[in-house]
Amino acid sequence: MTAWRVLRTLCLGLVALVLLAVAPAWAERRVALVIGNSSYKSIVALSNPRNDAEDISSALRNLGFEVMLRTDVQKNDIRNVLKDFSRLTSGADTALVFFAGHALQYQGRYFLVPVDAALEDEDALKFDMLPADDLKDVIGKVSGVRI
């Protein structure tokens with residue numbers, strides 16, 4: 001088993017243990033956005049994110065979460081995914097975001113990369129990527145647990 005697979009398995013196991021440990025303390029309405037981007041077109045494709053997202057979604061549903069699962073999100077769909085998740089968080093007590101795929105940091109900001117993004121220049125960051133801050137803003141509406 002490669003070091004990456006061991007690390008991935010340990011990370012998924014840790015997430016599952018944390019979720020199981022705190023599940024009884026969580027409030028009634030729990031929502032989650034789970035994104036797994038594997039099929040990148042202009043950069044290296046990844047084999048595991050889709051499977052990881054499906055596994056995490058299943059575990060979260062078993063813990064009573066309303067899960068919004070999206071795989072291979074394209075840049076034209078990013079804003080709709082964010083809008084739909086924002087609506088889902090309305091009235092929720094707990095919100096969780098899980099992303100598996102390529103991400104990058106630029107000038108202290110983090111960006112999630114859609115599968116059809118071409119990392120051409122700084123404008124691509126502004127208009128083609130999903131700033132992690134936008135996700136933080138959405139889950140910031142939730143008064144309870146935010147993960």
Side-chain angles (χ1 to χ4, degrees), residues 1-106 109-119 124-125 127-147:
M1 190 178 283
T2 66
W4 171 246
R5 285 189 180 176
V6 170
L7 181 61
R8 181 179 70 95
T9 302
L10 287 173
C11 287
L12 288 174
L14 181 61
V15 168
L17 285 174
V18 168
L19 291 174
L20 288 173
V22 298
W26 284 350
E28 283 185 31
R29 185 152 180 267
R30 303 173 205 145
V31 299
L33 170 61
V34 178
I35 300 173
N37 282 354
S38 290
S39 301
Y40 287 93
K41 294 166 182 43
S42 298
I43 54 180
V44 177
L46 302 170
S47 59
N48 293 322
R50 176 187 288 263
N51 298 333
D52 294 346
E54 290 170 355
D55 290 345
I56 290 292
S57 293
S58 178
L60 291 171
R61 283 188 184 102
N62 289 338
L63 292 170
F65 277 80
E66 296 172 53
V67 177
M68 190 175 128
L69 171 63
R70 298 294 183 267
T71 57
D72 294 331
V73 176
Q74 297 186 14
K75 59 187 174 187
N76 290 336
D77 298 326
I78 288 175
R79 292 290 153 204
N80 286 331
V81 168
L82 199 59
K83 177 178 65 176
D84 292 344
F85 183 58
S86 182
R87 289 177 176 155
L88 185 65
T89 62
S90 181
D93 300 300
T94 299
L96 180 145
V97 174
F98 176 87
F99 176 79
H102 284 298
L104 56 94
Q105 178 188 15
Y106 179 71
R109 295 185 64 208
Y110 294 93
F111 298 88
L112 309 182
V113 181
V115 295
D116 59 342
L119 303 174
L125 287 172
F127 302 110
D128 294 345
M129 311 294 165
L130 176 59
D133 290 340
D134 290 358
L135 286 168
K136 286 172 44 178
D137 290 345
V138 170
I139 66 172
K141 305 187 312 186
V142 176
S143 61
V145 178
R146 298 179 296 259
I147 304 170

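For the single chain, residues carry numbers from 1 onward in sequence order.
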Is the number of heavy atoms from other residues, nucleotides or ligands within 6.0 Å of OH (Tyr110) greater than 12?
no

Over 12 foreign heavy atoms within 6.0 Å of NZ, Lys136
no

How long is the span from the [atom1] atom in [X] to the [atom2] atom in [Y], to the nearest 0.5 Å?
X	Y	atom1	atom2	value
Ile139	Asp134	CD1	CG	12.0 Å
Leu130	Arg79	CG	CZ	6.0 Å
Asp116	Ile43	CG	CD1	10.0 Å
Arg30	Leu60	CZ	CG	10.0 Å
Leu33	Thr89	CG	OG1	10.0 Å

Side chain of [X], backbone of [Y]: donor and acceptor closer than 3.5 Å?
X	Y	value
Asn37	Val113	yes
Arg29	Ser90	yes
His102	Val44	yes
Asp72	Ser39	yes
Ser58	Asp55	no

Find out whether [X] and [Y] are in side-chain contact, i.e. whether some heavy atom of one side chain is under 4.5 Å from a heavy atom of the other.
X	Y	value
Leu135	Leu112	yes
Met129	Leu119	yes
Leu104	Leu125	yes
Arg70	Asp84	yes

Which atom names give the shortest non-hydrogen contact between [X] and [Y], and what distance separates them?
X	Y	answer
Leu69	Ser57	CD1-OG, 3.4 Å
Ala117	Ser42	O-CB, 3.6 Å
Ala32	Leu88	O-CD2, 4.3 Å
Ile78	Pro114	CD1-CG, 3.5 Å
Val31	Phe85	CG2-CE1, 4.3 Å
Val81	Met68	O-CE, 3.2 Å

Among Thr94, Val34, Ile56, whose side-chain contact (heavy atoms from CB on, under 4.5 Å) with Phe65 holds?
Thr94

